2 protein chains.
Amino acid sequence: MRFRTLAWKGNYLELIDQTLLPGKAVYLKCRNAEDAWKAIRTMKVRGAPAIGVAAAFGVYLGVMRLRTEDIRKFRSEFAKTAKYMASARPTARNLFSAVEAMEEVVKSFNGRSTELLKKALLKKAVEFAKQDEELCRAIGRHGAKLFKSGDCVLTHCNAGALATAGMGTALSVIYSARRAGKKIEMIASETRPFLQGARLTAWELKENGVPVTLICDSMVGSVMRAGRINRVIVGADRIAANGDTANKIGTYQVAELARIHKIPFYVAAPSTTFDFSLKTGKEIPIEVRDGKEVYQAFSRPTAPKGVRIFNPAFDVTPAHLITAIITEKGVSRPPYQKSLARFGRAASGGLKRSGLASGRARLRRG
Amino acid sequence: MRFRTLAWKGNYLELIDQTLLPGKAVYLKCRNAEDAWKAIRTMKVRGAPAIGVAAAFGVYLGVMRLRTEDIRKFRSEFAKTAKYMASARPTARNLFSAVEAMEEVVKSFNGRSTELLKKALLKKAVEFAKQDEELCRAIGRHGAKLFKSGDCVLTHCNAGALATAGMGTALSVIYSARRAGKKIEMIASETRPFLQGARLTAWELKENGVPVTLICDSMVGSVMRAGRINRVIVGADRIAANGDTANKIGTYQVAELARIHKIPFYVAAPSTTFDFSLKTGKEIPIEVRDGKEVYQAFSRPTAPKGVRIFNPAFDVTPAHLITAIITEKGVSRPPYQKSLARFGRAASGGLKRSGLASGRARLRRG
């Protein structure tokens with residue numbers, strides 16, 4: 001990668017500010033929990049795995065400067081920070097996986113020294129980031145087998161290096177396949193309202209020498225019908241036990257269009273994205289963001305003042321539209337109920353749910 | 001209507017500049033054929049029927065100042081202007097219908113006075129605009145019957161007053177239904193890249209007191225799945241003999257998504273949009289516009305410099321996805337081969353094809 005999405009710098013977390021790409025590559029310093037929370041909330045860092053890593057460090061940053069020797073007080077401050085960090089965004093499972101991993105460190109800590117506990121927390125956050133890099137590599141390795149020379153692959157949103165601490169999830173598969181000599185071309189859908197496809201995926205692929213064509217979200221069906229796309233791969237923000245997958249708004253319709261045009265539709269995600277506590281995607285809380293992002297995120301106003309705007313940030317793709325889910329453990333095929341359980345339990349099943357992830361769904365079906 | 005899309009002002013054509021909406025309502029003066037051609041090409045005036053009306057006046061403007069008494073010279077200059085005007089954009093049938101209507105005036109003119117011929121041409125252009133207003137009203141009247149109180153209707157792009165010399169095509173139906181006391185709410189999809197839904201439809205509906213919610217094109221499937229849309233209505237740029245309909249890019253996928261979610265999908269268009277010389281939509285030339293519209297139409301750059309962009313301006317919705325086509329003659333149902341012929345021939349069948357409409361297709365299906 002020719003850039004670094006996030007890195008721990010001894011006493012602060014450094015992030016590339018994704019709201020300024022592709023115009024400028026500006027690195028932000030998060031020096032406390034608020035900085036990290038804000039960076040997540042305002043999507044300066046985004047992408048489920050990257051959010052998870054940022055949150056792990058964010059939790060550590062929240063207690064790093066605590067000057068108490070009182071372990072009970074420390075634990076109670078930690079709990080507040082963890083809860084606060086988990087409130088940054090509601091949909092990505094990885095945010096909660098990260099916070100829960102940090103909570104586990106505190107829970108299982110037997111000592112009395114708050115300084116030692118701090119050290120253990122930092123170690124865990126660093127591990128979490130490292131693990132994410134490894135997950136990306138493994139996803140790339142498993143997924144690459146599904147792609148062949150000559151493929152023209154659509155991806156929606158950004159599930160690349162910019163969405164993780166490593167090579168990405170969906171894009172890691174593409175990078176791996178290309179490294180294996182397969183000639184693969186990409187089509188990036190713009191991904192309104194935040195334009196992750198245009199601003200991030202197109203930029204990242206170009207930086208890494210992958211041929212990419214940008215289209216608007218409105219063009220996906222038409223370009224599929226023209227026979228120009230033969231594979232789709234996307235990331236995920238949360239995957240329910242049955243395989244229903246929450247991902248960037250627009251993913252659902254891309255999946256339906258892929259089915260109609262008989263194009264395989266792949267999801268690539270680490271097991272930290274799985275949420276076995278949810279039976280189906282209907283239970284996944286869907287964040288609804290400010291209409292401003294539609295109205296004026298990157299430009300002069302593009303809609304009349306005061307117009308009502310509905311701006312859900314994610315949607316749920318039902319499992320029956322997903323050809324396969326590529327994880328760090330291998331390629332999971334339907335029925336997902338079974339195949340995901342096999343892949344997922346080992347990585348995330350051991351963690352007790354903390355109840356932090358119960359954000360309210362503001363969009364519910366019918 | 002609280003604004004006027006286009007109006008003849010004695011010796012120039014006045015247009016509301018649709019590239020500046022909703023920020024500013026600026027009226028442009030087209031004083032010659034070049035002005036009109038440019039306004040059409042750069043989408044300062046857009047929407048198939050409005051393009052037709054602008055082109056009819058544009059052709060007249062091209063010969064208005066010709067100082068020759070030589071009728072043969074006049075005819076030859078006219079032919080050049082007509083050809084030029086028809087080259088402004090390739091997809092909308094109405095552009096060619098308008099130019100052909102003007103050509104018919106010249107062809108059927110028996111006199112020797114170029115001044116009289118000029119007068120006849122102006123009269124035809126004025127008539128063409130009036131006719132468009134009437135077509136809009138009639139479409140509204142016929143279509144309104146298909147809608148009921150409580151409907152929440154999605155429209156893509158702008159097929160409203162801003163797209164015609166009258167009340168619009170698709171939106172005329174909504175205005176009519178509401179005037180008849182039916183409580184109808186609208187959802188406007190943003191319509192990238194040119195944002196006609198956000199900038200024009202949302203503005204026009206607000207101006208006319210119709211409740212409207214704006215969503216991104218990527219949200220259509222998800223909002224349908226949530227059960228929030230129970231009708232779709234769009235306009236058309238060209239309708240082939242079998243009912244295949246070219247309309248703004250994105251229409252095709254909206255139609256597929258409507259079918260999946262069992263939502264009726266209506267097309268509203270005057271018979272000037274029909275092209276019986278084309279058996280199916282495969283023959284409709286699809287304009288591909290500059291990638292700049294995706295990259296930087298309304299904002300600072302939203303994609304990396306030099307990225308390849310594909311920017312088709314229209315797509316074709318196959319007839320089998322269309323529940324009904326609403327025309328000024330009534331509601332046409334499948335099979336369209338038969339029903340359209342019945343409705344259409346009277347209005348446009350008499351005109352000989354001039355060959356002007358044979359713009360090259362730059363996007364052809366795989």
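Each chain gets a letter, A, B and so on, in the order its sequence line appears, and its residues count up from 1. Source: prediction; values computed, not measured.
- Proximity to chain B (any heavy atom under 4.5 Å) is restricted, for A:Val223, to the side chain, taken from C-beta onward.
- Only the side chain of A:Ile260 comes within contact range of chain B, with heavy atoms under 4.5 Å apart.
- When each of A:Met219, A:Met224, A:Lys248, A:Glu256 is checked for heavy-atom pairs under 4.5 Å with chain B, A:Met219 comes out on top.
- Side chains of B:Arg199 and B:Asn158: no donor on one and acceptor on the other come within 3.5 Å.
- Between the side chain of A:Thr91 and the backbone N or O of A:Glu287, at least one donor-acceptor pair lies under 3.5 Å.
- One N or O on the side chain of A:Thr191 and one on the backbone of A:Cys157 form a donor-acceptor pair closer than 3.5 Å.
- When each of A:His261, A:His156, A:Glu207 is checked for heavy-atom pairs under 4.5 Å with chain B, A:His261 comes out on top.
- Using a cutoff of 4.0 Å between basic side-chain nitrogens and carboxylate oxygens, B:Arg192 and B:Asp217 are not scored as salt-bridged.
- For chain B, the nearby parts of A:Ile249 are the backbone and the side chain; heavy atoms of each come within less than 4.5 Å.
- Between A:Trp203 and A:Phe3, the ring planes are tilted. Angles from 30° to 60° get that label.
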